[in-house]
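Beneath this line is the structure, given in structure tokens, with notes to follow.
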Amino acid sequence: MNEILNLNINEMAQTEFDCSCGRHHNFEIHDLAVGPGAIQKLPEFAAPFKDGQILMVYDNNTFKAAGKQARDLLTDAGFNIKELYFDRGSDILIPDESVVGRILQEIEADTKLIIAVGGGSLNDSCKYVTCRTKMPYMIVGTAPSMDGYVSDGAPLMSAGRKISYPAHLAYAVICDTDIMKLAPQELIQAGFGDVVGKITALTDWDLSVKVTGEYRCETTVELVRRALNKCFEKSDQLPQRDGDAINALIEALILTGVAMALVRVSRPASGAEHMLSHYWEMDYIARGLNPIHHGTQVGTATPVIARFFEKLSDILPEGTGQLCPPHEEIEKLLRDAGAPVTPKDIGISKELFHASLMEGYKVRPRYSVLKFAMDNGRLEQIADEITTEIYG
Ligand SMILES: NC(=O)C1=CN([C@@H]2O[C@H](COP(=O)(O)OP(=O)(O)OC[C@H]3O[C@@H](n4cnc5c(N)ncnc54)[C@H](OP(=O)(O)O)[C@@H]3O)[C@@H](O)[C@H]2O)C=CC1
Ligand SMILES: O=C(CO)COP(=O)(O)O
């Protein structure tokens, strides 16, 4: 019934099943390859589009990491390639109107497929454009920095706001672990932070089921839990760039993506910790600053949200907070993995931090522990307490 739980990642593409949650799930990614040397699959996966032009999108960092290799594989195999190369120098590429617009401008009448080579920003930008233009896209992931390679959402900046647009799943996803494990350490830390965030994301989902009666799929919860356990077993080896630890991280990021793809919403992977991250990111971009990596923000926001569950334990519906370990345990996980632990560590100011606790629930209409605190008249008091505990 929930057979996807028994498959390994490379068997999951095109899986369809009637789930115990009552829904029919269709993981309609056509091809998924995760592992050493996976990039070699690119010509085979792209073969159905060989009669037209393929638009390849990369930037200065991701071209070096995998873009050149991907392009050469396809040109050597006789594909007709057009390239879009974003050169942002040392600035981070922000997935906003200008990036989405440039991709759109480069599509030609005979473009049959877009291939993004990069991390979350290029993945989401291409995913959004291809969804709206009804074209297939492929992603060649370059870093284990976030879990959106196999999800169907596309968080983008729009008029200064971070909006998580619904989009579609990739036609094919390639995550070559030989390439991804060479990503800079800060991107590995970011990916770990994004995985840690699932702890409070799942707890928030549980809270919403109990308070608002929201739908939940236990298969996706189980998929995410198993991925977390495996990743956390080895995460203290991430600072040494241990191969098994990085592979477990990549697997966790892919599986949480699969969970999002199955329920067609980011609920299994994104709760109040993501709202704080989106809030900080919007503030940084509004001030013309390079945002801190998404997953790094999410990681430091997770023990903060765990503190909310602790402080509200007297009024939470029975059993709710049990899914969330004490905030000190989450901080230790981050510390042992060499990742930043608190928002203060990553330079979030005391004022921005307090404002995000007070207003983070407005980032999106998704029920979370922040809204629970607000509805129960406890938000301001808890925001004041946590701010003092972290910033003094
Ligand atoms: N769709 C979804 O479900 C999800 C989406 N997201 C979104 O993803 C975005 C964050 O993605 P993330 O991957 O962290 O960030 P980016 O895609 O912005 O990449 C971060 C930085 O890493 C660089 N980079 C990527 N790969 C390599 C590499 N192998 N070697 C050297 N540099 C590299 C990028 O270069 P450059 O700037 O040149 O690209 C960039 O500077 C956010 O917008 C977030 O909201 C996050 C989780 C899930
Ligand atoms: O970042 C995500 C999961 O890690 C996607 O979540 P959002 O829907 O909050 O953007």
Side-chain angles (χ1 to χ4, degrees), residues 57-67 69 85-96 99 116-128 131 139-157 162-170 175-176 178-198 200-201 204 224 252-254 256-261 264-282 285 290-299 301-302 360 363-364 366 368:
V57 183
Y58 18 68
D59 62 40
N60 40 325
N61 288 320
T62 64
F63 182 74
K64 278 187 228 135
Q69 193 183 351
Y85 182 101
F86 287 98
D87 190 349
R88 296 291 160 112
S90 57
D91 281 346
I92 282 185
L93 182 135
I94 293 169
D96 62 8
V99 172
V117 183
S121 296
L122 286 178
N123 178 47
D124 290 332
S125 304
C126 291
K127 186 191 296 189
Y128 178 81
C131 175
I139 171 73
V140 178
T142 55
S145 48
M146 50 88 233
D147 61 353
Y149 295 124
V150 290
S151 81
D152 69 349
L156 300 170
M157 291 300 295
K162 184 94 183 218
I163 299 182
S164 297
Y165 290 99
H168 64 172
L169 291 175
C175 286
D176 188 327
D178 288 339
I179 292 170
M180 293 172 94
K181 72 182 181 196
L182 300 178
Q185 191 68 24
E186 64 183 62
L187 292 180
I188 293 171
Q189 289 170 0
F192 184 67
D194 208 18
V195 170
V196 166
K198 311 316 165 206
T200 45
D204 253 349
V224 174
L253 292 168
I254 301 292
T256 57
V258 172
M260 286 191 268
R264 297 301 168 105
V265 64
S266 62
R267 200 30 140 162
S270 167
E273 70 301 317
H274 273 69
M275 295 176 193
L276 299 188
S277 165
H278 290 330
Y279 192 95
W280 301 338
E281 184 179 348
M282 288 190 276
I285 291 174
N290 271 341
I292 300 156
H293 294 311
H294 165 84
T296 307
Q297 295 183 146
V298 169
T302 305
V363 164
R364 65 189 326 173
R366 174 173 290 173
S368 75

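Counting convention: from 1, in listed order, for ligands and their atoms alike.
When the heavy atoms of A269, G295, S266 are ranked by distance to atom 5 (C) of ligand 2, first place goes to S266.
Residue contacts with ligand 1: K162 is included, with a non-hydrogen atom under 4.0 Å away. The closest approach between any non-hydrogen atom of K127 and ligand 1 is below 4.0 Å. The shortest heavy-atom distance from M275 to ligand 2 is not under 4.0 Å. Not a single heavy atom of S266 sits under 4.0 Å from any atom of ligand 1. The shortest separation from a heavy atom of H278 to ligand 2 is under 4.0 Å, placing the residue in contact. Using a non-hydrogen distance threshold of 4.0 Å, K162 does not register as a contact of ligand 2. Residue contact check for ligand 1: G118 places no non-hydrogen atom closer than 4.0 Å to it.
Contacts between K198 and ligand 2 below 4.0 angstrom, taking non-hydrogen atoms only, involve the side chain exclusively. Of the heavy atoms in N123, none comes closer than 4.0 Å to ligand 1. If you look at L182 next to ligand 1, there are no close heavy atoms at all, none under 4.0 Å.
Listed by atom number, the atoms of ligand 2 under 4.0 Å from D194 heavy atoms are 4 (O). The distance from ligand 2 to the heavy atoms of P155 drops below 4.0 Å at these ligand atoms: 10 (O). Atom numbering of ligand 2 starts at 1 in the shown order; those under 4.0 Å from a heavy atom of R364 are 7 (P), 8 (O), 9 (O).
A donor-acceptor contact under 3.5 angstrom links the side chains of E186 and H293, judged on distance only.
Rounding to the nearest 0.5 Å places CE of M260 at 13.0 Å from CZ of R267. One finds the OG1 atom of T296 at 12.5 Å from the CE atom of M146 (value rounded to the nearest 0.5 Å). Q69 CD to D178 CG: the interatomic distance, rounded to the nearest 0.5 Å, is 9.0 Å.
An N or O contact shorter than 3.5 Å is missing between H293 and ligand 1 by distance. Taking distance alone, with nitrogen or oxygen atoms compared against 3.5 Å, S270 approaches ligand 2 more closely than that limit. No N or O atom of D194 sits closer than 3.5 Å to an N or O atom of ligand 1. The shortest N or O to N or O distance between L122 and ligand 1 is not below 3.5 Å.
Looking at I163 and P155, their side chains never come closer than 4.5 Å, going by heavy atoms from C-beta outward.
Within a 4.0 Å radius of atom 14 (O) of ligand 1, the protein has at least one heavy atom.
One finds a salt bridge joining D147 and K198 here, because a Lys/Arg side-chain nitrogen approaches an Asp/Glu carboxylate oxygen to under 4.0 Å.
In terms of modelled atom types and a separation under 3.5 Å, the side chain of K127 and the main chain of G153 share a donor-acceptor contact.
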Take F86 and Y58 through the test side-chain contact (heavy atoms from CB on, under 4.5 Å) and record every step on the way to the result.
CA-CA 6 Å; F86 287 98; Y58 18 68; over 6 Å; no

